[in-house]
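Report on the following structure.
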Amino acid sequence: MLISKLHTPEGVKDYLPNECILKKKIEDSIAKVFKSYGYLPVISPTFEYNDVFCGMGGVKDSRVFKFLDRDGALLVLRPDMTPAIARIGATAYSKKDLPLKFYYIESMFRTNENYQGKLREFTQAGIELLGVNSIEADAEVVTCAINSLLAVGVDNFKLDLGHALFLKGVIEEANVSDEIGSAIQKNIIKKNYVAVNELAENIENKNIKYILQELPLLIGNESVIHKVRDKVTNESSLKAINYLGELYNILKSLGFEKYISFDLGVIGSMDYYTGLIFRGYGKGSGASILDGGRYDNMVEKFGTEMPAVGFALKVNDLMKIMDMPEEKGSEYIAVYDSGSRIEAFKTANILREKGISVEMSFLGFDIEENRQYAVNKNIPYILVFKGNEIKLINVSDSSEKTVSITDLLAEEESK
């Protein structure tokens, strides 16, 4: 029988010290990159009114945690940060404040039909650029995504670039009924290319038929763009192809071409994307570790027309493809006899004021017992206080010497 108080609910987890260290390192590194681009931090409420997220084309309604407050208002736990930032942009700022550049590192909450190790509470770190609709703005967001991954030590990754208008134009040019067009789009989202192939079989336009049936292969370097350029005639698809080519040239001029590939069959998991769509994949990730794109129609749903583009990096998924750090203990453990307790506490405080970590021993004056504790906790040095003397023991080789506070501070500065 499962004893509830001994376990966490399905889809949430505890973070042990080494996981916390890695998570904090990732978040701090990413935040530093965001700040270097001029983005400023925002925090939205953990729960908001259902209307903030309902009908925004984002997370499916069935995946949102909902509850009623005491007044009967329908509230949801934050499933996605983008609508929340759209609300902030529309209600707290005016057009004279544009552009708005925000970043966040926050927990999101979503239900999952099949858990399979998926978290229902997870962390996303992202940026949103509001008030600018230009290829330069999109290029900034993509380069920020690349530099964020590089900053945390991930260099074996690809960003797949696509465009919402490409397939929209292809389906329109296919000249099929709304029902078939919708079925094609839904199966592309599901990556059910067998069904897409069957639906495309009766399309008379050979070029469009070719594109739809070759979608699984329209992934790769810039040759993918050239492969379809002369096969579409509709304005939307041509605009998307030309845009992707121009964006690639910008990224290439910055030396980022090795991180870029194209996926012309991409349709954002969020329905609110209106232009650029991109996803990041790292070696061993399986699923995307980063999703982003342009969503020019969302902010106006909160009362203000404002184009926008951004991305979210999935911190928990990123942690899975990174090496877990070894738990590093304090620099020193202070061992003292009853007559040296005050001196030990004073010395420890002086060292801490200089940014040096010191643990106080709770194991008594047994040096061997404290040495074993230091080994287990990866603490490199033991400070032994006895009488008026401070002895420094190197845990790795058991060497020891008599030191003063001045000696300790000088050694730390020389490291």
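One is the number of the first residue; the rest follow in order along the sequence. What's counted below: heavy atoms across the whole structure, side chains too, no hydrogens, waters or symmetry copies. As the structure is a prediction and not an experimental result, all values here were calculated from the model.
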Nearest 0.5 Å please: distance from the [atom1] atom of [X] over to the [atom2] atom of [Y].
X	Y	atom1	atom2	answer
L247	N242	CG	CG	12.5 Å
D317	K118	CG	NZ	9.5 Å
L244	L276	CG	CG	7.5 Å
T406	E411	OG1	CD	11.5 Å
T46	R78	OG1	CZ	5.0 Å
E106	Q124	CD	CD	10.5 Å

With distance as the sole test, does [X] use its side chain to make a donor-acceptor pair with the main-chain N or O of [Y] at under 3.5 Å?
X	Y	answer
S253	I250	yes
S340	G387	yes
N394	S398	no
N187	A183	yes
S288	R279	no
S396	P380	no
D160	D263	no
N316	T123	yes
N234	E173	no
R120	E10	yes

For residues [X] and [Y], establish whether the separation of their ring centroids is below 6.0 Å.
X	Y	answer
F102	Y39	no
F278	F262	no
F47	F65	no
F122	F109	no

Verify whether one side chain among [X] and [Y] offers a donor that lies under 3.5 Å from an acceptor in the other.
X	Y	answer
E128	T82	yes
Q372	N376	yes
D138	Y243	yes
K320	S285	no
Y381	E400	no
S361	N370	yes
E359	Y373	yes

**Asked** Does the side chain to side chain contact (heavy atoms under 4.5 Å, CB included) test come out yes or no for F385 and K391, once each step is laid out?
**Response** CA-CA 7 Å; F385 294 81; K391 190 177 293 184; over 6 Å; no
Are there more than 12 heavy atoms of other residues, nucleotides or ligands under 6.0 Å from atom [atom1] of [X]?
X	atom1	result
Y49	OH	no
K101	NZ	yes
R229	CZ	yes
D397	CG	yes
K23	NZ	yes
K239	NZ	no
K346	NZ	no
N349	CG	yes

**Item:** Criterion side chain to side chain contact (heavy atoms under 4.5 Å, CB included) on V52 and F302, from CA distance to verdict
**Value:** CA-CA 8 Å; V52 172; F302 295 95; 4.2 Å; yes
**Asked** With a distance cut-off below 6.0 Å to the six-membered ring centre and an angular limit of 45° from the axis, does K13 pair with Y15 as a cation-pi contact?
**Response** yes
**Asked** Just checking, K231 and Y210: is the charged tip under 6.0 Å from the six-membered ring centre and within 45° of the axis?
**Response** yes
**Item:** Sub-4.5 Å side-chain heavy-atom contact between V232 and I208
**Value:** yes
**Asked** Any side-chain heavy atom of K314 within less than 4.5 Å of one from L318?
**Response** no
**Item:** side chain to side chain contact (heavy atoms under 4.5 Å, CB included) assessment of L351 paired with L408
**Value:** CA-CA 8 Å; L351 293 173; L408 291 172; 4.2 Å; yes
**Message:** Does the plane of the ring in F34 sit parallel, tilted or perpendicular to the ring in F311? Use 30° and 60° as the thresholds.
**Reply:** perpendicular
**Verdict with supporting geometry, I260 and E257, side chain to side chain contact (heavy atoms under 4.5 Å, CB included)** = CA-CA 5 Å; I260 300 300; E257 67 273 15; 5.5 Å; no
